[in-house]
Amino acid sequence: MLTLALLSALCGLASSVFLRVADKERACFTENLPSRTRLVGVYWTRLYDEQGYRYLPVHPDLEVNVLATDPDEQVLLSGSGGPEGNFSFTSRRTGNHRICLRSNSTRRPLVAGGALALHLDLRVGDRTNNYAQIAIEDKLTELQLRVRRLTEQVYHIQNNQDYYRLRLKEVHWIQSSTSRWIFWCVVVQTLCLVPLVAWSPAW
Amino acid sequence: MYGSFRVLLQVLSAQLLCVWVLGSELTFELPDNAKQCFYEDITIGTKCTLEFQVVTGGHYDVDCRLEDPEGTTLYKEMKKQYDSFTFTAAKNGTYKFCFSNEFSTFTHKTVYFDFQVGDDPPLFPNENRVTALTQMESACVSIHEALKSVIDYQTHFRLREAQGRSRAEDLNTRVAFWSIGEAIILLVVSISQVVLLRSFFSDRKTTTTRVGS
């Protein structure tokens, strides 16, 4: 059991897409989320030595600032963590949410020629669930856990459908606004031209 | 109690099978004249898929390039709106893919990409041995796969919708400015035309009167 736990911890360092950022450079991402949707982000950093073409571990003093804002620019989450960490929030509104990460190595500056390799994994909706934990907390059997996973997926799909309904209403409003502009433009032009044509001989 | 422990053990063992969920989907902003690269460590023989789509900005196109650890270009497309590329890793190492907006002078682009490496992890190790599953469990697995593809389609639909909404908003703004502009120009031209014509006739009347007397 202990061996399994240790091996499991090691496998937590599974790879993910990463990008190279300079120190204090901000990396921002957007997530278009329906409301009441959970987002979980996991990040970890390595130091990239450009001269040696290799990756080195970072010093534990490295800070990573995380900032998440909602579509109205309200701050949902703001905090600092170490070189590895995770964050999560639940969206209150539908729309584009912004997640920014910025490294800060003030206490222990990076060596010259070094950039940070920032690994990031953003998971949304049913992919945020930790089924091992759910199985233990709710005391579920195998079949119950499978059905639970299906329920979570269906809930996520329903959420997405509600989101589309809202978005379609918005697009409908925008298109009818465009039609109104064109209609009133034609009306105004007619109102200008007809008197001009009718009364210009008299003038 | 024993059932839950067995489930925990199975899920933990499944997590150890590290041929596993290495995949990310991210949406980021690409400023004009900028290039953004992402990297991923992949082991040899792993099937990977890179999918990308431009969500907002300009002509909704971007340059994309995928290179293997030795710098060999595996995929290169210029000014693409969306695409999907599947390959099997022939080498161990860090693969790099870059999105470039260097051809654009002032439009920022928002780009979505989904880079899937390997397959999703099974919930339990049993899932890979089809004969060991009961009918109920098989049905659950089938439904799970179907729902996964529904969620995937919904993601693509969401991106298309965002693109469509962006175009509709652009069109609405342009039509609004064009309508106001054209109405003002028409009004100014009409009034100045009338005033100009009147001024011609007023001058002639004065001249005629002078000649007569």
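Small disclaimer: the values here were computed from a predicted structure and weren't measured. Below, each value reflects all heavy atoms present in this structure, side chains not excepted, and no hydrogens, waters or symmetry copies. Order of the sequence lines fixes the chain letters, A, B, ..., with proteins taken first and strands second; residue numbering starts at 1 for each chain.
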As an exercise, state the distance from CD of B:E169 to CD of A:E170, rounded to the nearest 0.5 Å. 7.5 Å
Does A:L122 form a side-chain contact (heavy atoms from CB on, under 4.5 Å) with B:L26? I'd like the steps, not just the answer. CA-CA 7 Å; A:L122 293 178; B:L26 295 171; 3.6 Å; yes
Please check if atom CZ in B:F177 has more than 12 non-hydrogen atoms from other residues, nucleotides or ligands closer than 6.0 Å. no
Are side-chain N/O atoms of B:S24 and A:S16 paired as donor and acceptor at under 3.5 Å? yes
Apply side-chain contact (heavy atoms from CB on, under 4.5 Å) to residues B:E161 and A:V171 and explain how you reach the verdict. CA-CA 9 Å; B:E161 182 275 324; A:V171 170; 4.0 Å; yes
Are A:Q153 and B:I143 packed together at the side-chain level, in the sense that at least one heavy-atom pair is separated by less than 4.5 angstrom? no
So which part of B:F97 gets closer than 4.5 Å to some heavy atom of chain A, the side chain, the backbone, both or neither? side chain
Between B:T94 and chain A, which part of the residue has a heavy atom less than 4.5 Å away: side chain, backbone, both or neither? side chain
CG-CG distance between A:N32 and B:L159, expressed to the nearest 0.5 angstrom: 8.0 Å
Which atoms of B:K148 approach chain A - backbone, side chain, both or neither, heavy atom under 4.5 Å: both
Whatever's closer than 4.5 Å to a heavy atom in chain A on B:Q154 counts as both
With sequence neighbours left out, the residues meeting ring-ring contact (aromatic ring centres under 6.0 Å, His included) with B:Y95 are B:F87
Side chain, backbone, both or neither of B:C37 within contact of chain A (heavy atoms, under 4.5 Å): backbone
Strictly less than 4.5 Å between heavy atoms, which residues of residues 88-98 of chain A line up against chain B? Please order them by number. none
Tell me the closest heavy-atom pair linking A:L143 and B:C140, and the distance in Å. CD1-SG, 4.2 Å
For A:D70, enumerate each residue passing the salt bridge (charged side-chain N to carboxylate O under 4.0 Å, His left out) test, keeping only those at least two apart in sequence or located in another chain. none
May I ask you to decide if the ring planes of B:F28 and A:F29 are parallel, tilted or perpendicular, using 30° and 60° as cut-offs? perpendicular
Nearest 0.5 angstrom please: B:L171 CG to A:T178 OG1, how far? 5.0 Å
Crowding at CZ, A:R180 (>12 non-hydrogen neighbours, <6.0 Å): yes
Taking side chain as C-beta onward, heavy atoms only, is B:R174 less than 4.5 Å from A:W181? no
Do the side chains of A:F18 and B:D41 get nearer than 4.5 Å, heavy atoms only? yes
NZ (B:K47) with more than 12 external heavy atoms under 6.0 Å: no
Donor-acceptor contacts, no H, no angles, side chain residues 186-197 of chain B, under 3.5 Å, sequence neighbours left out:
| from | atom 1 | to | atom 2 | distance (Å) |
| --- | --- | --- | --- | --- |
| B:S190 | OG | B:L186 | O | 2.5 |
| B:S192 | OG | B:V188 | O | 2.8 |
| B:S192 | OG | B:V189 | O | 3.1 |

What's the spacing between A:H119 NE2 and B:Y39 OH if we round to 0.5 Å? 11.5 Å
Quick one: CD on B:Q36 to CZ on A:R20, what's the gap to the nearest 0.5 Å? 11.5 Å
Contact origin within A:L120 toward chain B - heavy atom pairs under 4.5 Å: both
Heavy atoms only, distances under 4.5 angstrom: which of A:R167, A:Q144, A:Q189 has the most pairs with chain B? Name it, please. A:R167
Within a radius of less than 6.0 Å around NE2 of B:H108, do more than 12 heavy atoms belonging to other residues, nucleotides or ligands occur? yes
Segment of A:Q161 engaging chain B (4.5 angstrom heavy-atom cut-off): both
Cation over ring face, B:R158 and A:Y164, 6.0 Å, 45°: no
The reported gap from CZ in B:F38 to CG in A:L118 (rounded to nearest 0.5 angstrom) is 10.0 Å
Proximity breakdown for B:F113 and chain A, heavy-atom pairs closer than 4.5 Å: side chain
